[in-house]
Amino acid sequence: MKHIKILGYVFAADILSLFIGLTLASSSALFMRIISAVCTTGILICFMVSHGLKSAREDMRLERTGEAVFSPAEPFFLSLTASVPAAASWILLFISHSTASFDFYRWHKLINGYFLQIYNFINSDASVSALTQGQIFMMLPLVLLPALSYGISYAAGRKVNQ
């Protein structure tokens, strides 16, 4: 159930980020595009940090009452779950670029709406054929952002609440 919940948070961050990003993207001014990139990425980070802190607090409460036993592997796997949509999307983008059988870049931008403006900074074209191999690999570190946001906040939440 926790894995579904964290995917729900990622999905909610994506929807809100798409709304904000597409609203702010109507301006082609560089300043507005930078603001949009910061806001949408910040939405993802805030959602993941909020959920990480809330999960840590709840897990510690359940541990104190004896209802659950803490497993150090669980937060790690939850962090990985947070990055599954971005990782799967990146893999499909890489395959799409390698085989040129289908154009996945515009879908990749929508699936990762919180990085939409960053992707537009890397390459604003909507076609996968316009991407270079280097640009695709520039997008790879972004896959780790949801996992790092959740994992670090969960660890900090456990440390603070001890």
Would you find a donor on one side and an acceptor on the other, under 3.5 Å apart, between the side chain of [X] and the backbone of [Y]?
{"X": "Ser124", "Y": "Asn120", "value": "no"}
{"X": "Gln135", "Y": "Thr132", "value": "yes"}
{"X": "His3", "Y": "Leu78", "value": "no"}
{"X": "Ser153", "Y": "Tyr150", "value": "yes"}
{"X": "Thr65", "Y": "Leu62", "value": "yes"}

Contacts under 3.5 angstrom, residues 37-45 side chains, donor-acceptor by atom type, not counting sequence neighbours:
| residue | atom | partner | partner atom | Å |
| --- | --- | --- | --- | --- |
| Thr40 | OG1 | Ser36 | O | 2.8 |
| Thr40 | OG1 | Ala37 | O | 3.4 |
| Thr40 | OG1 | Tyr114 | O | 3.2 |
| Thr41 | OG1 | Ala37 | O | 2.9 |
| Thr41 | OG1 | Tyr114 | O | 3.2 |

Is there a path from [X] to [Y] through hydrophobic residues (I, L, V, M, F, W, Y) whose side chains come within less than 4.5 Å of each other?
{"X": "Leu110", "Y": "Val10", "answer": "yes"}
{"X": "Ile35", "Y": "Ile122", "answer": "yes"}
{"X": "Leu16", "Y": "Ile6", "answer": "yes"}
{"X": "Ile95", "Y": "Leu131", "answer": "yes"}
{"X": "Leu116", "Y": "Leu30", "answer": "no"}

Rounded distance [0.5 Å steps], OH in Tyr105 versus OG in Ser89: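 Those atoms lie 10.5 Å apart.
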Quick check for you: to the nearest 0.5 Å, what is the distance between His51 atom NE2 and Cys46 atom SG?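 It comes to 14.5 Å.
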Under the side-chain contact (heavy atoms from CB on, under 4.5 Å) test, residues paired with [X] that sit two or more places apart:
{"X": "Ile4", "result": "none"}
{"X": "Glu63", "result": "Phe70, Arg158"}
{"X": "Asp125", "result": "Asn123, Ser127, Ala130"}

Angle class for the Phe104/Phe102 ring planes (parallel below 30°, perpendicular above 60°, tilted otherwise)?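 Perpendicular.
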Could you tell me which residues satisfy ring-ring contact (aromatic ring centres under 6.0 Å, His included) with Phe137, sequence neighbours excluded, listed by chain and number?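 Expected list: Trp90, Phe94.
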Using every non-hydrogen atom in the two residues, find where Val128 and Ser96 come nearest and quote the distance to one decimal.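 Nearest heavy atoms, Val128 then Ser96: CG1-OG, 3.6 Å.
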Provide the closest heavy-atom pair for Gln117 versus Gly21 in the form atom of the first, atom of the second, distance.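 Smallest heavy-atom distance, with atoms named: NE2-O, 4.2 Å.
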State whether a side-chain donor-acceptor pair under 3.5 Å links His108 with Tyr119.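 Distance-only check passes for His108 and Tyr119.
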Would you indicate whether the side-chain heavy atoms of Asp14 and Leu18 approach each other to under 4.5 Å?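 When only atoms from C-beta onward are counted, Asp14 and Leu18 do touch, with a gap below 4.5 Å.
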Do Leu93 and Trp107 have side chains that approach each other closer than 4.5 Å (heavy atoms only, starting at C-beta)?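 Not in contact.
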Is the CZ atom of Phe19 crowded by more than 12 outside heavy atoms at less than 6.0 Å?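 Result for CZ/Phe19: open.
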For residues 138-149, dump all side-chain donor-acceptor pairs below 3.5 Å to protein atoms at least two apart in sequence or in another chain.
| residue | atom | partner | partner atom | Å |
| --- | --- | --- | --- | --- |
| Ser149 | OG | Leu145 | O | 2.8 |

Please step through side-chain hydrogen bond (donor to acceptor under 3.5 Å, both in side chains) for the pair Lys54 and Tyr9, ending with a clear verdict. CA-CA 12 Å; Lys54 190 184 312 180; Tyr9 271 79; 2.9 Å; yes
Salt-bridge contact Asp59-Arg64 (side-chain N to carboxylate O under 4.0 Å):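 Salt bridge flag = no for Arg64 with Asp59.
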